[in-house]
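This report concerns only the one structure given below.
Each chain gets a letter, A, B and so on, in the order the sequences are listed, and its residues count up from 1.
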There are 2 protein chains.
Amino acid sequence: MANIQQVAQKAGVSVATVSRVLNHAASVSPKTRLKVENAIKELNYEPSMLGRNLRNSESRLILVLLPSVSNPFYTDIINGIQTTAIANSYHILLCETDSNPQRENIYFNMIKNKLADGVISMDPTVNMQKLNELAESHPVILCSEYEEGGSIPYVTIDSELAAYQAVKHLITLGNEKIALINSDEKFLYARQRRSGYERALKEFNLPTRAEWIYHTKDLEFQNGVQAIRMLLELEEKPTAIFAVSDTLAIGALKGINGSGLHVPNDLAIVGFDNISFSNMTNPTLTTVSQPMYKMGCTAANLLMQSMKGEQVESVVLDHDLIIRESTMG
Amino acid sequence: MANIQQVAQKAGVSVATVSRVLNHAASVSPKTRLKVENAIKELNYEPSMLGRNLRNSESRLILVLLPSVSNPFYTDIINGIQTTAIANSYHILLCETDSNPQRENIYFNMIKNKLADGVISMDPTVNMQKLNELAESHPVILCSEYEEGGSIPYVTIDSELAAYQAVKHLITLGNEKIALINSDEKFLYARQRRSGYERALKEFNLPTRAEWIYHTKDLEFQNGVQAIRMLLELEEKPTAIFAVSDTLAIGALKGINGSGLHVPNDLAIVGFDNISFSNMTNPTLTTVSQPMYKMGCTAANLLMQSMKGEQVESVVLDHDLIIRESTMG
DNA sequence: AATCATTTTGTAATCGATTACAAATTTCTG
DNA sequence: CAGAAATTTGTAATCGATTACAAAATGATT
């Protein structure tokens with residue numbers, strides 16, 4: 001592969017002139033520009049990013065931290081980030097942390113090593129202390145999960161409100177005994193969704209029972225199956241379920257189908273996230289839709305701003321309640 | 001962020017010595033090594049990958065081409081690639097082509113630009129001509145989809161055999177009217193799976209009917225729903241379905257459930273790929289499991305070899321038929 | 001034609017590492 | 001302890017681009 005020197009030689013100009021042509025600088029006469037362009041074509045030259053990156057001390061790579069690519073929750077966010085990044089001639093590096101601090105370190109080092117210019121973190125288990133440290137000297141944006149009162153800009157939705165509306169939807173369908181399948185409340189969104197759940201119940205003077213709130217360890221399908229098993233063994237069984245994630249809801253659905261009960265006649269279910277599979281289950285799942293794609297675009301745009309050195313403000317986006325078969329009795 | 005010069009100065013040695021310490025070269029006395037290590041710690045120094053990469057003319061980045069990250073089919077392969085890459089101190093760049101030639105070009109250019117050292121392509125719609133051109137001067141490995149008789153090394157399974165076994169399974173359950181939901185036969189795997197399907201039918205002297213072979217445009221859930229709708233309108237309805245992908249099978253399942261028929265009593269279904277969701281459906285789905293994770297590892301290992309300049313041989317891995325509720329009448 | 005302003009081009013330093021080769025230091029040997 | 005051998009360290013070139021500044025070429029004005 002030819003380098004800039006060889007192009008310059010072939011075109012009979014200096015490397016500076018070639019570089020000017022490459023970067024569309026104004027001050028090149030049409031005549032020499034043509035000579036250079038011909039030389040580039042003849043030699044089949046492609047500028048090396050390695051040289052360029054070193055000189056510009058940027059890699060035009062951004063890191064996207066997430067616990068696992070297998071989680072369908074992230075796919076559309078990633079698409080949004082990706083599209084925005086490419087439009088700004090950046091590339092994204094998907095970084096699976098597996099909630100493993102060692103992996104996380106590898107990625108943080110890539111930033112310090114100048115192998116990447118900025119980070120978008122979607123990992124709720126990320127080491128916030130380290131991330132904050134990193135954010136002091138490098139552009140960092142949080143997406144979806146964030147730190148209340150923290151200094152890192154974020155993009156998210158109003159989880160409390162979304163949960164409130166989801167539960168209210170169940171209430172207006174006539175349900176009075178509504179259970180919550182929540183994840184670990186060490187996560188901010190879990191606390192917010194619980195709070196929305198309780199606000200709706202209080203507003204309608206419905207009972208809140210501790211045994212109707214089930215906390216799962218993870219957000220996996222199996223955790224949902226487990227949760228519904230416990231809830232169905234209660235003396236006072238709920239007639240509706242609000243699960244804080246679709247995978248949990250789909251697990252619950254599977255559990256209910258297995259126990260001979262019918263959704264939504266015996267039990268209504270609302271999930272959260274509107275993952276693509278929520279539309280493929282039987283019955284299809286009512287769920288809260290986050291504007292995933294837009295979240296991704298927004299996060300990427302904030303990061304671009306931050307990398308330009310501009311000040312950025314956090315963004316809260318709108319959500320939607322998608323009503324499907326699992327609540328249409 | 002400090003650079004190697006500053007470290008050298010602080011330690012009172014030359015940059016060459018610092019570099020030697022960084023790269024664990026043998027010929028550094030313990031005394032100076034200590035001095036350098038202290039200086040590194042004091043200055044909180046991290047070597048810049050940009051400088052290192054330029055000098056070594058490598059980026060230690062590998063490209064993974066795939067049509068879409070949203071497809072659960074790829075997640076475990078990606079995991080395998082990722083793990084192997086990290087173990088060899090490479091990073092992977094997930095490249096969504098969206099089957100869009102322009103996007104593809106961007107990624108091919110990254111290789112030419114030295115922004116990445118090699119490619120693993122899992123994109124069945126990839127421009128094979130361009131990929132072959134690229135492969136002449138850069139390391140390329142195909143994963144899952146491949147070119148018969150081509151010169152690019154690949155990792156895959158024996159699709160024909162897997163299809164044969166899946167259909168044989170349906171036959172031994174007593175089914176005589178077996179439909180195939182295939183994707184576009186421009187794809188090699190589609191032709192191979194059809195061939196396996198036909199081999200099984202022939203072996204048991206069962207009828208093959210053109211109307212029992214349905215070709216979908218894409219591998220999406222909706223295509224499966226559409227397919228089963230057509231098949232159920234036939235005069236001579238099949239009693240079993242073999243779908244060449246789980247998403248199609250799950251679409252078919254949803255369609256059957258919706259029509260009031262029962263799986264597996266009225267219709268048995270076998271899918272292909274064992275995506276995680278195939279275990280969450282109701283009923284759970286019998287499917288052919290490809291060793292996804294291992295495929296990823298193998299592909300990455302082949303690429304590592306190829307990047308070292310070694311000759312590499314293609315690999316065919318074993319598959320499994322996972323029997324679940326959708327064929328357990 | 002001489003002078004000055006403007007545009008175009010070239011020279012050389014620079015980004016931050018690695019490494020061949022030379023130089024300096026230490027260790028070994030008789 | 002002199003000199004050879006082995007080890008450690010330093011000097012300077014190098015990877016491939018960008019860009020400040022200087023120099024050259026062109027054009028405008030009188």
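In this structure, CZ in B:F108 is found 9.5 Å from CD in B:E133, a value given to the nearest 0.5 Å. Atom CD1 of B:I141 is separated from atom CD of B:Q305 by 8.0 Å, given to the nearest 0.5 angstrom. Atom NE2 of B:H91 and atom CD1 of B:I62 lie 10.5 Å apart (nearest 0.5 Å). Atom CG of residue B:L61 and atom NZ of residue B:K114 lie 13.5 Å apart, to the nearest 0.5 angstrom.
The closest donor-acceptor contact from the side chain of A:T298 to the backbone of A:K294 lies under 3.5 Å. A donor-acceptor distance shorter than 3.5 angstrom exists from the side chain of B:R60 to the backbone of B:S89, with no hydrogens or angles considered. A donor-acceptor contact shorter than 3.5 Å is absent between the side chain of A:Q82 and the backbone of A:I92.
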What does the B/S/- profile of nucleotides 19-25 of chain D look like, 5' to 3', with a 4.0 Å heavy-atom cutoff to protein? BB-----

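Using a 4.0 Å heavy-atom criterion, one finds that A:S27 contacts the bases of the nucleic acid, with or without backbone contacts as well. Heavy atoms of B:V18 sit nowhere under 4.0 angstrom from any nucleic acid atom. Across all strands, B:S48 comes closer than 4.0 Å only to sugar-phosphate atoms, never to a base (heavy-atom distances). Contact annotation for B:L54: base contact, defined as any heavy-atom pair under 4.0 Å involving a base atom.
For the pair A:K114 NZ and C:dC15 C1', the interatomic distance rounds to 10 Å; values are reported in whole Å. The separation between B:Q5 atom CD and D:dG10 atom P is 13 Å, rounded to whole Å. When the C1' atom of C:dC15 is taken as reference, atom CD of B:Q6 falls 13 Å away, rounded to whole Å. Separating the CZ atom of B:R33 from the P atom of D:dT7 is a distance of 15 Å, rounded to the nearest angstrom. Rounded to a whole Å, the CE atom of A:M49 is 10 Å from the C1' atom of D:dA17. When rounded to the nearest whole Å, the span between CG of B:N53 and C1' of D:dA17 equals 14 Å. Rounded to whole angstrom, the span from the NZ atom of A:K35 across to the C1' atom of C:dT8 amounts to 11 Å. Rounding to whole angstrom units, CD of residue A:E58 and C1' of C:dT14 are separated by 16 Å.
Looking at the side chain of B:L22, the nearest of the listed nucleotides D:dT18, C:dT18, D:dT9 is C:dT18. Checking D:dA17, D:dT8, C:dA17 against the side-chain heavy atoms of B:S29 singles out D:dT8 as nearest. The listed nucleotides are C:dG16, D:dT8, D:dT18; the one nearest the side chain of A:I4 is D:dT18.
Taking a cutoff of 4.0 Å between a charged side-chain nitrogen and a carboxylate oxygen, B:K10 and B:E42 qualify as a salt bridge.
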Under 3.5 Å between N/O atoms: give me all the protein pairs with nucleotides 26-28 of chain D, atom names plus distance.
none

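Residues satisfying the ring-ring contact (aromatic ring centres under 6.0 Å, His included) test with A:Y293, not counting sequence neighbours, are none.
At a cut-off of 3.5 Å, with distance as the only test, a side-chain donor of B:D123 or B:T97 sits close to an acceptor on the other residue.
A sub-4.0 Å separation between OP1 or OP2 of D:dT9 and a side-chain N or O of B:T32 is present. For D:dG16, neither phosphate oxygen OP1 nor OP2 lies less than 4.0 angstrom from any side-chain nitrogen or oxygen of A:R52.
For the pair B:N3 and A:S14, nearest-nucleotide mapping onto DNA chain C gives the more 5' position to A:S14.
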